[in-house]
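This structure is a prediction, so every number in the text was calculated from the model and none was measured. So you know, we letter chains A, B, ... as the sequences are listed, proteins then strands, and number each from 1.
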Amino acid sequence: MRNLRIQEDFFRLPTLLMTEKLLGMVLVHHAPGGELLKGKIVETEAYLAEGDQACHAYRGMTPRNRPMFASPGTIYIYFTYGNHYLMNIVTEPEGTAGAVLLRALEPLEGVAAMERNRGSKSGTILTNGPGKLTQAMGIGPELNSCSLLHSPKLFLEEGKPPLPDEIGTSGRIGISRSTELPWRKYISTSPYVSGKASTKRCKKTRNALES
DNA sequence: TGTAAGATCTAG
DNA sequence: TAGATCTTACAA
């Protein structure tokens, strides 16, 4: 059988190209409980240290963002809002910070386990957000700094890429700076795409536009 | 040491 | 729509 696992060359692509190429690929996690969880990536965002004030590494390396400076294919997982773990795939050569945030997945395998992980929620709200997808997939801080190239538990597989006219582009969501950069990519036909702007975000965006 | 902000989510 | 939640970064 053909090895579907994504290899090193892919992770050397420029970050902005990677946001597009990741759409349709399959994230695979062998969860500690023994379940095999798979989900198709349907929404991504790029973060680059250079010129991007919304990027954690904009001001340089800190203990938290250290994995962003590691080799391409490394996983950067961080905790935010007191509740949520968010998962990024590190891009750019070692020493240069760049990453792609996974914002939404379409569940493919292990749906029952995902629903359990999410507290019996089902349907699109299972994985239509960056915090939701990590919870559903059982991805937590223990996987921070591991590599999609070498980890036996977490890796990417080839999937069916979207057609060019299925790929949507927009400004990034949930941030207050550099919102004008069109660095969010999504599969427009997928019901699992997040993107319902929160109130907080609307206010902030409105304020930014008014000032 | 104190404070503000934050790549979010959910209940009501 | 408001609040829970708590870590990180930065200023004093």
Given [N], is OP1 or OP2 found less than 4.0 Å from the side-chain N or O atoms of [X]?
| X | N | answer |
| --- | --- | --- |
| A:R177 | B:dA7 | no |
| A:T80 | B:dA7 | no |
| A:H56 | B:dA7 | yes |
| A:K121 | B:dC9 | no |
| A:S176 | B:dG6 | yes |

Lys/Arg-Asp/Glu bridge criterion (N-O < 4.0 Å) met for A:E43, A:K185: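 Judged by the 4.0 Å cut-off on N to carboxylate O distance, A:E43 and A:K185 do not form a salt bridge.
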Using a strict threshold of under 4.0 Å (side-chain N to carboxylate O), is an ion pair present between A:R116 and A:E35? yes
On the 0 to 90° scale, with breaks at 30° and 60°, tag the A:Y85-A:F79 ring pair as parallel, tilted or perpendicular.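 Judged by the thresholds at 30° and 60°, the geometry between A:Y85 and A:F79 is tilted.
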So what does A:R118 hit on the nucleic acid, given a heavy-atom distance under 4.0 Å: a base, only sugar-phosphate, or nothing? sugar-phosphate
With a 3.5 angstrom cut-off on both distances, give the Watson-Crick or G-U wobble partner of B:dA7, or none if there isn't one.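 Partner of B:dA7: none.
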Nearest to the side chain of A:R59, which nucleotide is it out of B:dA7, B:dT10, C:dA9? C:dA9
Closest nucleotide among C:dC6, B:dA7, B:dC9 to the A:I175 side chain: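 Out of C:dC6, B:dA7, B:dC9, the nucleotide with an atom closest to A:I175's side chain is B:dA7.
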Classify the side-chain pair A:T15/A:T91 by whether it contains a donor and acceptor separated by less than 3.5 Å. yes
